[in-house]
Undergrad: 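Take a look at this one; I'll ask things after.
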Amino acid sequence: MKSDIFIIIIFLILIFIFSCEEQGFLLPCKDCTTGEPTEAYIEAKLDFNANGSTRVQIYEGNIEDNVLFGTWDATSSSAFYWHVPLNKKYTFKATYFVAMYDDTYIALDAITPRVKFEKSRCDDPCYIVYDKVANL
């Protein structure tokens with residue numbers, strides 16, 4: 001009986017810590033700025049594709065809107081950065097071509113970089129841009 005209650009408490013604590021809130025429980029205070037930003041650097045992280053190449057496309061808004069923001073080909077796993085306005089949705093599409101198996105895999109992710117003023121959770125009051133990394 002006591003172990004069941006302990007497990008439930010641990011589970012609730014983990015849910016709170018890793019919740020899907022916009023900025024999450026742990027803030028990246030190292031990214032704080034004193035002035036309110038109007039633009040941000042967004043990042044796309046790719047998996048390593050040793051047996052082929054990867055084409056990445058960024059769309060402004062939803063992918064079905066077909067407003068292409070940029071395209072590039074990557075040959076290694078790395079992160080790519082773009083300077084964009086805040087409060088707009090960006091959809092990423094990574095097409096992994098695996099030559100060894102003659103297969104194609106597609107990964108999608110969407111982000112909407114936004115800014116929040118944080119008064120007390122960092123050393124000094126500051127602005128933090130969140131939702132700016134796409135994992136592909």
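Note that the structure is a prediction, hence the values are computed from the model and not measured.
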Undergrad: So Trp72 and Ile58, side chain to side chain contact (heavy atoms under 4.5 Å, CB included) or not? Walk me through it.
TA: CA-CA 9 Å; Trp72 81 95; Ile58 294 183; 4.2 Å; yes

Undergrad: Hey, mind stepping through Glu118 and Tyr127 against side chain to side chain contact (heavy atoms under 4.5 Å, CB included) and telling me if it holds?
TA: CA-CA 6 Å; Glu118 187 53 53; Tyr127 293 93; over 6 Å; no

Undergrad: If you take all heavy atoms of Pro113 and Lys132, which pair is closest and at what distance?
TA: CB-CB, 4.4 Å

Undergrad: Which of these passes side-chain contact (heavy atoms from CB on, under 4.5 Å) with Tyr96: Leu46, Val56, Ile106?
TA: Leu46

Undergrad: What heavy-atom pair brings Gly35 and Thr33 nearest, and what distance separates the two atoms?
TA: O-OG1, 3.0 Å

Undergrad: Between Ala94 and Thr54, what is the shortest heavy-atom contact and its length?
TA: CB-CG2, 4.3 Å

Undergrad: Can Ile42 be reached from Val129 by stepping across I, L, V, M, F, W or Y side chains whose heavy atoms are under 4.5 Å apart?
TA: no

Undergrad: Is Trp82 linked to Ile111 within one hydrophobic cluster, defined over Ile, Leu, Val, Met, Phe, Trp and Tyr using a side-chain heavy-atom separation of less than 4.5 Å?
TA: yes

Undergrad: Give me the other members of the hydrophobic cluster that Val133 sits in, counting Ile, Leu, Val, Met, Phe, Trp and Tyr linked by side-chain heavy atoms under 4.5 Å, directly or via other members.
TA: none

Undergrad: In Å and rounded to the nearest 0.5 Å, what is the CD1 to CG distance from Ile63 to Asp65?
TA: 10.0 Å

Undergrad: In the hydrophobic clustering that connects Ile, Leu, Val, Met, Phe, Trp and Tyr at side-chain heavy-atom distances below 4.5 Å, which members other than Val67 occupy its cluster, ordered by chain and number?
TA: none

Undergrad: So which atom in Arg55 and which in Asp73 form the shortest heavy-atom distance, rounded to 0.1 Å?
TA: NE-OD1, 2.8 Å

Undergrad: Determine, for cysteines Cys122 and Cys29, whether their SG atoms are under 2.5 angstrom apart.
TA: yes

Undergrad: Could you tell me the separation between the OG1 atom of Thr91 and the CG atom of Asn66, rounded to the nearest 0.5 Å?
TA: 11.5 Å

Undergrad: Filter on salt bridge (Lys or Arg N to Asp or Glu O under 4.0 Å), then keep only pairs touching residues 92-109, sequence neighbours left out; what's left?
TA: none

Undergrad: Measuring only between side-chain heavy atoms, which start at C-beta, is Tyr105 closer than 4.5 Å to Val98?
TA: yes

Undergrad: So which atom in Ile128 and which in Cys32 form the shortest heavy-atom distance, rounded to 0.1 Å?
TA: CG1-SG, 3.6 Å

Undergrad: Are Phe69 and Leu108 connected in the hydrophobic side-chain network, where two residues link if heavy atoms are under 4.5 Å apart?
TA: no

Undergrad: Please report the shortest heavy-atom distance between Ala44 and Phe92, naming the atom on each side.
TA: CB-CE2, 3.7 Å

Undergrad: Treat each ILVMFWY residue as a node, draw an edge where side-chain heavy atoms are under 4.5 Å apart, and state whether Val115 and Tyr41 are in one component.
TA: no

Undergrad: Indicate yes or no for a side-chain donor-acceptor contact from Thr71 to the backbone of Gln57 under 3.5 Å, with no hydrogens or angles considered.
TA: no

